Amino acid sequence: MDLRYSESDERFRAEVRAWLAEALPALPPKPGPHDWDARRAYDTTWQRMLFDAGYAGINWPSEYGGRGASPTEHLIFLEETERAGAPYVGVNFVGLLHAGPTLIAEATEEQKAAHLPRILRGEEVWCQGFSEPGAGSDLASLKTRAVLDGDHYVVNGQKIWTSFAHVADFGELLVRTDTDAPKHKGITWLILPMDTPGIEVRPLRTIAGSSEFSEVFFTDVRIPVENRVGAENDGWRVAMVTFSFERGTAFVGELVRSMKLVEELAELARKLPRGSGSAWDDDGVRRELGLIAAQLDGLWHLTKRTITESERTGVPGIGGSIFKLYYSEVRHHLGDLAMRILGTAALATEDEPAVDHVRGWIHAMSISIAAGTTQIQRNILSERVLGMPKEPS
Amino acid sequence: MNFDLDQDERALQSAIRDLCKGVFPMETVRGLESSGGISAETWQALEDAGVFSLRLPESEGGAGLGMTAAVIVFEELGRALVPGPLVGTHLAKTLGLNQARVTFANRNDLVISHLDSSDAVAVVDAEGIWLISQNAIAGEPVALPLDPLTPVSRVSSLPQGERVNEGADVSATRLEASALTAALLVGIASAETDLAVAYAKERQQFGRPIGSFQAVKHICADMLTRAEVARAAVYAAGVHLDGNGDGDTARAVTGAMLLASEAAFANGKACVQVHGGMGFTWEIDAHLYLKRAAALIALHGGADTYAEEMAAAL
Ligand SMILES: Cc1cc2nc3c(=O)[nH]c(=O)nc-3n(C[C@H](O)[C@H](O)[C@H](O)COP(=O)(O)OP(=O)(O)OC[C@H]3O[C@@H](n4cnc5c(N)ncnc54)[C@H](O)[C@@H]3O)c2cc1C
């Protein structure tokens, strides 16, 4: 085993660093959290800058316009962009991290040509219409109905928790095409143009106060059959492909950010007065921060094991679910500790020093829910890795 | 970067695993209780396998391997619950000392492990590495040690001893001791997971295996998760100590020891719980893993020390 980077990896790192040093000062000012048009414009501008510099779709194969970087280079890229404080992937999350990769794996050449270049250039924003009011963890019980009418599917039903729906151009849509088949066998995966008549998007206010996700209602929405990805009624398998990308390296950037946040919290604790000294004089505070730092380092090492494995086998192993479960717990702890250290300073949520820590505390609560809850990850690990008896389904 | 065992490392891992299966099945390990965790044959088997000398150059009878190999070996020893002063003896050999068995102690400890079966006690403190001959210490054996396979003696004080760190790097030796202990603990954390999962698949209640209940499955998933993250950290510690790391070596080792301590201790308790009443019996092995974990953690300074060291690096 060897954790040192190769010379060519180090050259790649230096190149990314140099580009970031030049590119970041050229960015427009960051928009406020509630101005969604400005947020879309900002995130897609950044995506265009990445594209022009040859970093868009860093891990996408080069035949589809990506950079075709190795998993190690991908890790270096995520590490360097986070360290430099570059913009987060933002509204491009779905397109870049799982819709695009799903299309690469499953779509027709026409579908790929229509969408992949536009996603890479920041011209097309995607959302994910999977969850429904009655189908969350039990996603396969989804009811949004699609009936074939000539060369169109006619869709009726409702999706919920659809992140970025109000700024998206397209969506990954799961619909029921066979109501008689067992629940996993009657689902189809469609490309949904968000400007199709009959779609109504109603933003929901999250506990963070912003409108990150929406309810989406469908009334006789006509989607061309040519928008189907994979075969009719084979959508569950395609959705599993989507999940494998969604749970893959999606959290590495977050991890690097949390590692930075631990350092900042230690600095803050040394400054914030408590009694006759500072919050840092509290043994409990120091030791918990020390533990969190060790746990985040452990996840960083685990990521490298996962990456080595995927370089060897071509597929991510069990690392994804272990990472997601463990990271969620540590992220909660980090947020909770920040709240204790901040005390009343946490109440002024938009001010320094609270802002990043309070946002992170709230964000932690979504990490343990979205993309398969903590409980669902434990089911997956106990059943698929430890071979324990299955849940009823 | 390659953070998976290479071919040689895999071969080493399976060789030592086979050795443990052959020489240290659980009946044998339990049988060592009456002799302080050691018998002439089992100890000889460890020596012959190169457990203590593997980092010495081949010209000195070693295998010329590094700390990465050593943590792989010690993980397997932990998994098999191999008793004895393993860490102290390995470090003493590596430092070129010729005592057959050396046990490790902290300067202010009044409870010393493996005193009767060791030739000397090694103390590593800020000033150096000290060797105290066993017969210079008046120890009183404890009748019921916490871990039945880690015999301990009370002492009223430790003599200063003879300084032996000529040419040795004291802080490196401390880090090596931590990494090897962390490796033992990770092996224990994995063994505890395996034991709990096997029982949960077999034990029936309410007409089905208890492993079909989420309350049990989720405990097991957490055990797996703690052990896997700690293992990544322990391997990283070994790699850093060999100079092949990508970050700060002391931090990598300290973090590994902290995570391995947490994993072995928490998994040990979880393993008892998953076994129900059986878990509270002497007969089931769960308590042996937990008690070994608790003993190793205490003998190497306690998890709080490592948490403080991590915090100091922030
Ligand atoms: C910030 C955020 C963004 C999201 N973005 C999107 C998006 O863009 N597109 C999209 O489609 N979805 C999105 N989601 C939805 C997300 O995938 C679901 O919320 C999640 O899958 C859980 O489903 P649910 O909300 O219906 O909760 P439920 O499934 O009702 O779960 C409620 C509770 O019951 C537990 N539970 C449920 N089933 C089991 C079981 N079998 N065993 C043990 N415990 C169980 C859960 O762990 C949870 O604690 C988002 C969610 C959040 C929070």
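Just so you know, these numbers come straight off a predicted model, no measurement behind them. So that the names make sense, note that chain A is the first sequence line, chain B the second, and so on, each numbered from 1.
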Practice problem: Please state whether the side chain, the backbone, both or neither of B:Leu258 comes within less than 4.5 Å of a heavy atom of chain A. | Solution: side chain

Quiz prompt | Contact class of A:Gln375 relative to chain B, heavy atoms under 4.5 angstrom | solution = both

Quiz prompt | Step-by-step side-chain contact (heavy atoms from CB on, under 4.5 Å) determination, B:His218 to A:Asn379 | solution = CA-CA 7 Å; B:His218 287 192; A:Asn379 288 349; 2.6 Å; yes

Quiz prompt | Most contacts with chain A, counted as non-hydrogen pairs under 4.5 angstrom, among B:Thr254, B:Thr225, B:Val239, B:Val229 | solution = B:Val229

Quiz item: Just wondering, more than 12 heavy atoms not from B:Gln204 lying within 6.0 Å of its CD?
Solution: yes

Quiz prompt | Winner by heavy-atom pair count (cut-off under 4.5 Å) against chain B, out of A:Glu383, A:Glu288, A:Gln377, A:Glu329 | solution = A:Glu383

Quiz item: Are any of the side-chain heavy atoms of B:His240 and A:Leu3 separated by less than 4.5 Å?
Solution: yes

Self-check item: B:Cys220 vs A:Met388 side-chain heavy atoms within contact, under 4.5 Å
Solution: yes

Quiz item: Is B:Phe265 atom CZ crowded by more than 12 heavy atoms from other residues, nucleotides or ligands, each under 6.0 Å away?
Solution: no

Exercise. Using non-hydrogen atoms and a 4.5 Å limit, figure out which bit of B:Glu309 sits close to chain A: side chain, backbone, both or neither.
Key: neither

Practice problem: Could you check if a side-chain atom of A:Arg4 sits within less than 4.5 angstrom of a side-chain atom of B:Met1, using non-hydrogen atoms only? | Solution: no

Quiz item: Is it true that atom CD of B:Gln273 has more than 12 heavy atoms of other residues, nucleotides or ligands lying nearer than 6.0 Å?
Solution: no

Exercise. Please name the pair of heavy atoms, one in B:Gly211 and one in A:Pro389, separated by the smallest distance, quoted to 0.1 Å.
Key: O-CD, 3.4 Å

Quiz item: Relative to chain B, which segment of A:Ala294 carries a heavy atom at a distance below 4.5 Å: side chain, backbone, both, or neither?
Solution: both

Quiz item: Top residue by heavy-atom pair count (under 4.5 Å) with chain A, among B:Ala252, B:Gly245, B:Gly247, B:Pro209?
Solution: B:Gly245

Practice problem: Could you tell me which of B:Ala256, B:Ala307, B:Ala311 has the largest number of non-hydrogen atom pairs under 4.5 Å with chain A? | Solution: B:Ala311

Quiz item: Is there side-chain contact between B:Leu314 and A:Glu267, with at least one heavy-atom pair below 4.5 Å?
Solution: no

Practice problem: Give, for atom CE of A:Met1 and atom OG1 of B:Thr68, the distance between the pair rounded to the nearest 0.5 Å. | Solution: 5.5 Å

Quiz prompt | Greater than 12 external heavy atoms within 6.0 Å of A:Trp280's CH2 | solution = yes

Practice problem: Please report the C-alpha distance between B:Arg231 and A:Arg305 in whole Å, then the side-chain angles of each, then the deciding distance to 0.1 Å, and finally whether the side-chain contact (heavy atoms from CB on, under 4.5 Å) criterion is met. | Solution: CA-CA 10 Å; B:Arg231 172 174 298 115; A:Arg305 278 177 68 73; 4.3 Å; yes

Quiz item: For B:Leu259, is it the side chain, the backbone, both or neither that has a heavy atom under 4.5 Å from a heavy atom of chain A?
Solution: side chain

Quiz prompt | Atom pair CG/CG of B:Leu224 and A:Leu325 - distance to nearest 0.5 Å | solution = 9.0 Å

Quiz item: Can you tell me how far the CG atom of A:Leu381 sits from the CD atom of B:Glu228, to the nearest 0.5 Å?
Solution: 9.5 Å

Quiz item: Within a reach of under 6.0 Å around NZ of B:Lys269, are more than 12 heavy atoms found that belong to other residues, nucleotides or ligands?
Solution: no

Practice problem: Examine whether an atom of A:Ile380 lies under 4.5 Å from a heavy atom of chain B, and if so say whether it belongs to the side chain, the backbone or both; otherwise answer neither. | Solution: neither

Exercise. Drop me the distance from A:Ile322's CD1 to B:Asp222's CG, to the nearest 0.5 angstrom.
Key: 11.0 Å

Quiz item: If we only count heavy atoms from C-beta on, is the A:Leu386 to B:Val197 side-chain gap below 4.5 Å?
Solution: yes

Quiz item: Looking at A:Gly387, A:Ala266, A:Ser6, which has the largest count of heavy-atom pairs under 4.5 Å with chain B?
Solution: A:Gly387

Self-check item: Side chain, backbone, both or neither of B:Ile219 within contact of chain A (heavy atoms, under 4.5 Å)
Solution: neither

Quiz item: B:Tyr235 versus A:His301: any side-chain heavy-atom pair under 4.5 Å?
Solution: no

Self-check item: Between CZ on residue B:Phe3 and OG1 on residue A:Thr72, distance to nearest 0.5 Å
Solution: 12.5 Å

Quiz item: So, does B:Lys217 use its side chain to make a donor-acceptor pair with the main chain of A:Lys390 at under 3.5 Å?
Solution: no

Self-check item: side-chain contact (heavy atoms from CB on, under 4.5 Å) between B:Arg251 and A:Asp297, intermediate numbers included
Solution: CA-CA 9 Å; B:Arg251 179 168 171 157; A:Asp297 284 1; 2.7 Å; yes

Quiz item: For A:Thr308 and B:Asn2, what are the C-alpha separation, side-chain angles and deciding distance, and is it a side-chain contact (heavy atoms from CB on, under 4.5 Å)?
Solution: CA-CA 6 Å; A:Thr308 298; B:Asn2 169 32; 3.0 Å; yes

Quiz prompt | B:Lys201 versus chain A, the contacting section by heavy-atom distance below 4.5 Å | solution = side chain

